[in-house]
Peer 1: 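First, the structure itself, so that you have it in front of you.
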Amino acid sequence: QGQLVESGGGLVQPGGSLRLSCAASRDIFSGFDMSWHRQAPGKQRVLIAGITSGGYTNYADSVEGRFTISRDNAKNTMYLQMDSLKPEDTAVYYCYAVRTTNKGWQRYKTDYWGQGTQVTVSS
């Protein structure tokens, strides 16, 4: 079974940094687009950063310039470097992987979610 496991969350002061990791099972990583999502208390889960299987990245306006997404295909691991953290960054952070396959007129999707890791930014 495919699995995604997040780690690296914790408590940090405003202005501090954290690095999140998402370790994927070997059957998941190759050919998958990867992304980080977060859900703050009382809010909906939102996309904050993504990286395609080819290395293209994109960011939500709320984290642009402060967060950096990357992947190491040899280690089957995705990372989120978070700098200049703010209290509004407090949320549960989730790893997501998705792959789509086209065969003729048919389209198939395979996707996985991690269980999340808590990030709390507070003084």
Side-chain angles (χ1 to χ4, degrees):
Q1 291 287 305
Q3 293 185 26
L4 298 173
V5 181
E6 302 97 333
S7 63
L11 176 64
V12 64
Q13 296 185 37
S17 298
L18 282 174
R19 190 192 194 199
L20 304 184
S21 297
C22 173
S25 55
R26 188 175 181 179
D27 57 306
I28 290 179
F29 210 76
S30 296
F32 281 76
D33 295 332
M34 307 286 291
S35 57
W36 288 98
H37 303 244
R38 70 185 183 188
Q39 186 167 17
K43 294 188 175 182
Q44 298 294 310
R45 188 178 300 184
V46 298
L47 171 70
I48 58 170
I51 183 166
T52 69
S53 61
Y56 177 83
T57 61
N58 67 286
Y59 299 91
D61 290 343
S62 59
V63 306
E64 182 76 50
R66 298 188 298 119
F67 291 9
T68 304
I69 188 172
S70 62
R71 65 191 294 165
D72 186 336
N73 291 336
K75 297 182 178 180
N76 281 17
T77 303
M78 178 179 65
Y79 305 96
L80 184 67
Q81 178 66 44
M82 304 185 294
D83 299 320
S84 302
L85 284 162
K86 305 174 181 179
E88 49 263 46
D89 294 319
T90 296
V92 177
Y93 285 70
Y94 298 90
C95 178
Y96 180 67
V98 62
R99 181 182 67 187
T100 56
T101 303
N102 294 314
K103 296 183 179 180
W105 293 102
Q106 300 180 95
R107 180 179 174 88
Y108 302 90
K109 184 177 79 172
T110 303
D111 64 340
Y112 302 91
W113 284 98
Q115 292 186 322
T117 184
Q118 176 71 49
V119 172
T120 302
V121 184
S122 176
S123 59

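The chain is numbered in sequence order, starting from 1.
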Peer 1: Any side-chain heavy atom of S17 sitting closer than 4.5 Å to one from V12?
Peer 2: no

Peer 1: Under 3.5 Å, side chain of T90 to main-chain N/O of V121, donor-acceptor pair present?
Peer 2: yes

Peer 1: Please answer whether the main-chain N or O of R66 pairs with a side-chain N or O of Y59 as donor and acceptor at a distance below 3.5 Å.
Peer 2: no

Peer 1: As a quick check of understanding, evaluate side chain to side chain contact (heavy atoms under 4.5 Å, CB included) for N58 and L47, giving each step before the final call.
Peer 2: CA-CA 10 Å; N58 67 286; L47 171 70; 4.3 Å; yes

Peer 1: Is a side-chain donor-acceptor pair under 3.5 Å present for T52 with D33?
Peer 2: no

Peer 1: What distance do D89 atom CG and S62 atom OG have between them, rounded to the nearest 0.5 Å?
Peer 2: 7.5 Å

Peer 1: Rounded to the nearest 0.5 Å, what separates atom OG1 in T100 from atom OH in Y108?
Peer 2: 13.0 Å

Peer 1: Side chain to side chain contact (heavy atoms under 4.5 Å, CB included) with W36: which of I48, V63, I51?
Peer 2: I48

Peer 1: More than 12 heavy atoms of other residues, nucleotides or ligands under 6.0 Å from CD of Q44: yes or no?
Peer 2: no

Peer 1: Testing the basics here: between S70 and M78, what is the closest heavy-atom pair and its distance to 0.1 Å?
Peer 2: O-CG, 3.3 Å

Peer 1: To the nearest 0.5 Å, what is the distance between CE (M34) and CG (N73)?
Peer 2: 9.5 Å

Peer 1: Near Q3 CD, under 6.0 Å, is it more than 12 heavy atoms from other residues, nucleotides or ligands?
Peer 2: no

Peer 1: Ignoring hydrogens and geometry beyond distance, is a side-chain donor-acceptor pair present between Q81 and Y79 at under 3.5 Å?
Peer 2: no

Peer 1: In terms of ring plane angle, is the pair Y96 and W113 parallel, tilted or perpendicular, where the classes change at 30° and 60°?
Peer 2: tilted

Peer 1: Nearest 0.5 Å, what's the OG1-OH distance between T117 and Y94?
Peer 2: 10.0 Å

Peer 1: Grab the two heavy atoms, one from N76 and one from S25, that are nearest each other, plus how far apart they are.
Peer 2: ND2-O, 3.6 Å

Peer 1: Within 45 degrees of the ring normal and closer than 6.0 Å to the centroid, is that where the cationic atom of R71 sits relative to F29?
Peer 2: yes

Peer 1: Is E6 reaching over with its side chain to a backbone N or O of G116, donor-acceptor style, under 3.5 angstrom?
Peer 2: yes

Peer 1: Kindly give the heavy-atom pair with the smallest separation between P14 and S123, and that separation in Å.
Peer 2: CD-N, 3.7 Å

Peer 1: About how many Å separate OG of S35 and CD1 of I69, when rounded to the nearest 0.5 Å?
Peer 2: 6.5 Å

Peer 1: Just wondering, more than 12 heavy atoms not from N102 lying within 6.0 Å of its CG?
Peer 2: yes

Peer 1: For the atom pair CZ (R99) and CG (D111), what is the distance rounded to the nearest 0.5 Å?
Peer 2: 11.0 Å

